[in-house]
Peer 1: 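Let me begin by handing over the structure; questions about it come next.
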2 protein chains.
Amino acid sequence: MSRLSQTWNQHVVKKENKALVLKTIQERAPISRATIANVTGLNKGTVSSLVSELIDEKLIHESGTGKSSGGRRPVMLLLNETAGFTISVDLGVKSILGVLTDLRGNILSEKKIRFSQEDFDEVLALLYQLIDGLKNDAPESEYGIVGIGIGVPGVVTTEGEILLAPNLGWKKVPLQKILFDHYNVPVTVENEANAGAYGEKVYGVGQMSSELIYTSISIGIGVGLILEGKLYKGLRGFSGELGHMTIEKDGADCRCGNQGCWELYASEQALLDQAEEAGFKDTTVDHLIEAADQGDAKAIQLLENVGDYLGVGITNIIHIFNPEQVVVGNTLRQAEKYIMPAIEKRIEKNAIGFNKNDVQLNVAKLKNHSTVMGMAAFNIEKFFTETGNEPIMH
Amino acid sequence: MSRLSQTWNQHVVKKENKALVLKTIQERAPISRATIANVTGLNKGTVSSLVSELIDEKLIHESGTGKSSGGRRPVMLLLNETAGFTISVDLGVKSILGVLTDLRGNILSEKKIRFSQEDFDEVLALLYQLIDGLKNDAPESEYGIVGIGIGVPGVVTTEGEILLAPNLGWKKVPLQKILFDHYNVPVTVENEANAGAYGEKVYGVGQMSSELIYTSISIGIGVGLILEGKLYKGLRGFSGELGHMTIEKDGADCRCGNQGCWELYASEQALLDQAEEAGFKDTTVDHLIEAADQGDAKAIQLLENVGDYLGVGITNIIHIFNPEQVVVGNTLRQAEKYIMPAIEKRIEKNAIGFNKNDVQLNVAKLKNHSTVMGMAAFNIEKFFTETGNEPIMH
DNA sequence: TAAGTTTGTCTAGCGAATAAACAAAGATTA
DNA sequence: TAATCTTTGTTTATTCGCTAGACAAACTTA
């Protein structure tokens, strides 16, 4: 007979409490054992014993004494952020951005490779090159590279297979397996918007929110859902296809098969198409922003129009989820000066009061690093929650 | 200093394991101690001791022996479903439907009161009358009435206050507090669609699904979200306002302040308005179905048209959530013969393959009882997970 | 200098789960 | 029919993690 669900025994208790202590140190370092006991509600003795195990495992370390508050001075504890490193990558349509981070998410090295050929094998070669470069930049450490994470612009299963990446022309690429077989360390492959959402939640503008919707506005629109503090992926990992939410019932046909999809009106592609029609030849988002900055009324109007359409979809999001925060990220975020007021105006006009009052609208704080930092957060979290991490031998 | 999160000690372990044993009996009764141990992974001795406590608390009882499978015959355990009862109510726009259920959700008594006056005090008097009637029908039991639950067509906070019930004309009614002060038993007030979703999940068509979206199609449209097996309520309880999702960007104004809302095209109200225009005077959904059954092409077309618009919104739902199941419930469900094929056709044509292949479209199995049964499920779950239930004294 | 405070460790004890022995009750087989 | 094997459920001894409280160390305050 198969096991129904988790049973609770003392081993689970210890594992959970140890994770709680580690998380507390992550979030509040420098912190003393006594404060951890107060904050978590655990007994002082328990904290002492768990802390000493974490020190043995090199995940944390002591760092001198803190200030006395009328008695013995506390011994402050710090996360041993250089016990291991992550390689976190945003695999985009025209470039690959990769970072080497420590276990606090500090970036130690950053590399970017541009490409034009989208053939998978060629891109994979570039990806290996980038990862190898970052790996070389990693200092000696107890645990070495603890995880590799790749954010991709496409539909990714919960098993890390890219089913479809339309703007790369890829289908059915088992990237997680390919990279794991090559590097033999834990590999996470995740949709770019999902990663961006988590990045903003952990390191960006959403650190205080547990209900956060991240909209990745680029050539298309992807959406990452943080619900109850966790990424929501749906049955098989395909949630968040809000770019293909109909906002115009008998609207234009979308290549996805649907009609009147949001991204036909509110994406970078939509903006560029409209600009073309308005007489801008072979333009880019940067050019349009530049023109707008110089007072070009046509450019301003184009940007505001896209913002208005973004507002329509975001109003839907607010009604659907009752979120705490909606974050606008990816390339079109660069036009925030023009699109954000337009979005706000639309929300102000159209959203239902109860839901509207709860929600904050923000621009991605991590800018073009939302996705890489999200992958870093996935890597780090996986490492810390994995049971029985043993230091590697050198 | 405030406590950050739950700490794990042996008391928690015991509570969780006891709940696990009880849940296993709920789901698989009649079941023996040995089978529980196998299914849950708990030790035989642990199960024996927890079971004996549950028997002492009168929550379960033994019921003779089962069939031998080559050794000693097992003692079968049953849930003591008559240890207590719930009163569960669907407070609608024109009527109140209430049921008395046992702890397995069996209906022992059912009452319905129709009303036309929507004045709160008058409706409250009727509600008291209905609840008192059901209470009188409850047999003597260990725990008596363990909970009262009310599903209402409106916006409900997590604290059980009705902020707005547009079709009743109510604002800011603290119904949970009012009923608790009156009856002094646990009271749950929840949005009608949220309750319907949970009802279908626990007792209806969704028993096998953990990602289920329930659409309540009545005068307006409400949506209940079951994500990862649990009801998702958003930051303050206002999620699921998909009736006010824009599907026509510059569509008609909705009284909610938004434009082109889904429920302007796909609700009972929309159907009746369109029927009026098409020449049906003062008609009802029942009349239209009857006409359609007799081959009235106009009526058939009206129903199919609403179904098509429902399909547009449900396609959005499929793209947003990647659910396992979408359930169509409430009054318009009665026209399933005409609307379901139209919905399916629209999904078939417009939904993205990956998401489409995962999803099942179903009609609410509990018919007009989805909401009451959802409230019953809430009541029962609350009772079973509450710590230290003590039998009441008679 | 003495008394009070805070930090962190140590020890004894508790309670819940587990493994293993055991008893009870039936099936199977010679 | 008797002997053996199976399955169920209880009992017992053991383990392990947490807790309370004692204690020592280190510091502040009067």
Side-chain angles (χ1 to χ4, degrees), chain A residues 1 3 5-22 24-25 28 30-56 60-78 387, chain B residues 1 3 5-22 24-25 28 30-56 60-78 387:
Chain A
M1 250 179 251
R3 199 154 288 198
S5 53
Q6 175 142 44
T7 72
W8 298 90
N9 58 34
Q10 51 197 346
H11 301 104
V12 178
V13 167
K14 179 166 181 183
K15 204 182 117 196
E16 294 285 340
N17 283 337
K18 199 163 161 184
L20 178 61
V21 168
L22 184 58
T24 306
I25 295 170
R28 306 193 172 210
I31 188 173
S32 69
R33 290 167 176 80
T35 310
I36 294 173
N38 268 322
V39 167
T40 60
L42 290 166
N43 183 278
K44 286 193 299 174
T46 308
V47 171
S48 260
S49 121
L50 294 174
V51 160
S52 103
E53 286 187 29
L54 289 169
I55 289 176
D56 287 348
I60 62 174
H61 57 80
E62 300 185 331
S63 86
T65 53
K67 240 185 86 179
S68 162
S69 62
R72 173 171 164 181
R73 278 155 53 187
V75 178
M76 303 315 263
L77 300 166
L78 292 179
T387 51
Chain B
M1 248 179 253
R3 198 155 287 198
S5 52
Q6 177 142 40
T7 72
W8 299 91
N9 57 36
Q10 51 196 346
H11 301 104
V12 178
V13 167
K14 180 166 181 184
K15 205 183 116 195
E16 295 285 340
N17 283 338
K18 199 163 159 183
L20 178 61
V21 168
L22 184 57
T24 306
I25 295 170
R28 308 193 172 210
I31 188 174
S32 70
R33 290 167 176 80
T35 310
I36 294 174
N38 268 321
V39 167
T40 60
L42 289 166
N43 183 278
K44 286 194 299 173
T46 307
V47 171
S48 260
S49 123
L50 293 174
V51 159
S52 103
E53 285 187 30
L54 288 169
I55 289 175
D56 286 348
I60 62 174
H61 57 80
E62 300 185 330
S63 86
T65 52
K67 239 185 90 181
S68 161
S69 61
R72 173 172 163 181
R73 276 154 56 187
V75 178
M76 302 316 262
L77 300 167
L78 291 179
T387 51

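A, B, ... follow the sequence lines: proteins, then strands. Residue 1 opens every chain.
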Peer 1: What residues in residues 44-51 of chain B put a non-hydrogen atom under 4.0 Å from any atom of DNA chain D?
Peer 2: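 Here the set is B:Lys44, B:Gly45, B:Ser48.
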Peer 1: What is the distance, to the nearest angstrom, from the CD1 atom on A:Ile55 to the P atom on C:dG8?
Peer 2: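 Going from A:Ile55 (CD1) to C:dG8 (P), I get 11 Å.
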Peer 1: Taking the side chain of B:Ala34 as heavy atoms from C-beta outward, which of D:dT8, C:dA17, D:dT10 is closest to it?
Peer 2: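 Between D:dT8, C:dA17, D:dT10, the one nearest the side chain of B:Ala34 would be D:dT8.
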Peer 1: When you measure from the side-chain N and O atoms of B:Asn17 to the phosphate of C:dA16, is any distance below 4.0 Å, counting only OP1 and OP2?
Peer 2: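 Result: no.
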Peer 1: Please tell me which of A:Met76 and A:Gln10 maps to the more 5' nucleotide of DNA chain C, matching each residue to the nucleotide holding its nearest heavy atom.
Peer 2: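 Per heavy-atom nearest nucleotide, the more 5' residue is A:Met76.
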Peer 1: Drop me the distance from B:Glu62's CD to B:Arg33's CZ, to the nearest 0.5 angstrom.
Peer 2: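 B:Glu62 atom CD to B:Arg33 atom CZ measures 4.5 Å (nearest 0.5 Å).
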Peer 1: Would B:Val12 and A:Val13 satisfy side chain to side chain contact (heavy atoms under 4.5 Å, CB included), going step by step from the backbone distance to the final call?
Peer 2: CA-CA 9 Å; B:Val12 178; A:Val13 167; over 6 Å; no
Peer 1: Please report the distance, rounded to the nearest Å, between CD1 in B:Ile36 and P in D:dT8.
Peer 2: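 Computing the B:Ile36:CD1 to D:dT8:P distance gives 12 Å.
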Peer 1: Between C:dA19 and B:Asn43, counting only base atoms on the nucleotide and side-chain atoms on the residue, is there a donor-acceptor pair under 3.5 Å?
Peer 2: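 A donor-acceptor contact between them is present.
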Peer 1: Say you draw a straight line from CG of A:Leu54 to CD1 of A:Ile25; how long is it, rounded to the nearest 0.5 Å?
Peer 2: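 Taking CG in A:Leu54 and CD1 in A:Ile25, the distance rounds to 6.0 Å.
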Peer 1: With rounding to the nearest 0.5 Å, note down the distance linking CG in A:Leu22 to CG in A:Leu77.
Peer 2: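 Taking CG in A:Leu22 and CG in A:Leu77, the distance rounds to 11.0 Å.
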Peer 1: Can you tell me how far apart CD1 (B:Ile31) and CD1 (B:Ile36) are? Round to the nearest 0.5 Å.
Peer 2: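 Rounded to the nearest 0.5 Å, the CD1-CD1 separation comes to 5.0 Å.
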Peer 1: Could you give the CZ-to-P distance, from B:Arg33 to C:dA24, as a whole number of Å?
Peer 2: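 Rounding to the nearest Å, CZ of B:Arg33 and P of C:dA24 are 16 Å apart.
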Peer 1: What is the distance, to the nearest angstrom, from the NE2 atom on A:His11 to the C1' atom on D:dT15?
Peer 2: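 These atoms are roughly 8 Å apart.
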Peer 1: Is it the case that the side chain of A:Asn17 and the backbone of A:Leu20 share a donor-acceptor pair, with hydrogens and angles ignored and the cut-off at 3.5 Å?
Peer 2: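 It does not hold such a pair.
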Peer 1: Could you tell me the separation between the CG atom of A:Leu20 and the P atom of D:dC18, rounded to a whole number of Å?
Peer 2: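 Those two atoms, CG and P, are 11 Å apart.
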Peer 1: Given atom CD1 of B:Ile31 and atom P of D:dG9, what is their separation to the nearest angstrom?
Peer 2: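 For the pair B:Ile31 CD1 and D:dG9 P, the rounded distance is 10 Å.
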Peer 1: Within a strict 4.5 Å, meaning less than it, do heavy atoms of the A:Ser69 and A:Lys67 side chains meet?
Peer 2: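 A:Ser69 does not reach A:Lys67 side chain to side chain.
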Peer 1: Roughly, in whole Å, what's the span from CG in B:Leu42 to C1' in C:dA19?
Peer 2: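 My rounded result for the distance is 14 Å.
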Peer 1: Rounded to whole Å, please give me the gap between CZ in B:Arg73 and P in D:dG9.
Peer 2: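 In whole Å, D:dG9 P and B:Arg73 CZ are 12 Å from each other.
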Peer 1: For residues 64-72 of chain B, which residues have at least one heavy atom under 4.0 Å from DNA chain C?
Peer 2: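 DNA chain C contact set from residues 64-72 of chain B: B:Ser68, B:Gly70, B:Gly71, B:Arg72.
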Peer 1: Begin from the C-alpha positions of A:Arg72 and A:Thr65 and carry the test side chain to side chain contact (heavy atoms under 4.5 Å, CB included) through to its verdict.
Peer 2: CA-CA 10 Å; A:Arg72 173 171 164 181; A:Thr65 53; over 6 Å; no
Peer 1: Look only at the side chain of A:Ser49 and the backbone of A:Gly45, and say whether a donor-acceptor pair between them is shorter than 3.5 Å.
Peer 2: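 Not at all, since once roles are kept as given, no pair shorter than 3.5 Å links the two residues.
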